[in-house]
Participant: 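I have a structure I would like to understand better, so I am pasting it below and will then ask my questions one at a time.
If you read the sequence from its start, that first residue is 1, and numbering goes on from there. Because the structure is a prediction, the values reported are computed rather than measured.
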Amino acid sequence: MFILKFFKNYFDFNVMLLFLITVLFLYIDSKEYKQNGKQKEYKFCRFFMYLYTIIAIIGYILYLKLEI
């Protein structure tokens, strides 16, 4: 229940944009890591890029549902 209250009070469009901007930067970094042959860093960036995308989408959907 605490998590739902957190999303209702603090997760809005601005937070979703922050997550998506972070994903954009991680995408740019992952391309550079792949070009430089750094496989561990590339996999790390890709994992968090997908994780942040999922968190942003789920969080924003929860925020919209709780506002109604």
Participant: Which atom pairs, one a donor and one an acceptor, fall under 3.5 Å between side chains of residues 35-46 and the rest of the protein, sequence neighbours left out?
Facilitator:
{"residue": "Asn36", "atom": "ND2", "partner": "Glu32", "partner atom": "O", "Å": "3.3"}
{"residue": "Arg46", "atom": "NH2", "partner": "Tyr50", "partner atom": "OH", "Å": "3.2"}

Participant: Kindly work out whether a path of hydrophobic side-chain contacts (I/L/V/M/F/W/Y, heavy atoms less than 4.5 Å apart) joins Leu26 to Leu20.
Facilitator: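 Yes, one cluster joins them.
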Participant: With sequence neighbours excluded, what pairs up with Ile57 under the side-chain contact (heavy atoms from CB on, under 4.5 Å) test?
Facilitator: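 Here the qualifying residues are Thr53, Ile61.
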Participant: Tell me whether Leu17 shares a hydrophobic cluster with Phe19, the cluster being built from Ile, Leu, Val, Met, Phe, Trp, Tyr side chains joined at under 4.5 Å.
Facilitator: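 Both belong to a single hydrophobic cluster.
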Participant: By ring-ring contact (aromatic ring centres under 6.0 Å, His included), which residues pair with Tyr27, not counting sequence neighbours?
Facilitator: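 Tyr27 satisfies ring-ring contact (aromatic ring centres under 6.0 Å, His included) with no residue once adjacent residues are dropped.
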Participant: Can you tell me how far CG of Leu24 sits from CE of Met49, rounded to the nearest 0.5 angstrom?
Facilitator: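 Rounded to the nearest 0.5 Å, the CE-CG separation comes to 10.0 Å.
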Participant: Go through the structure and list residues passing side-chain contact (heavy atoms from CB on, under 4.5 Å) with Leu51, not counting sequence neighbours.
Facilitator: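 Result, side-chain contact (heavy atoms from CB on, under 4.5 Å) vs Leu51: Phe47, Phe48, Ile55.
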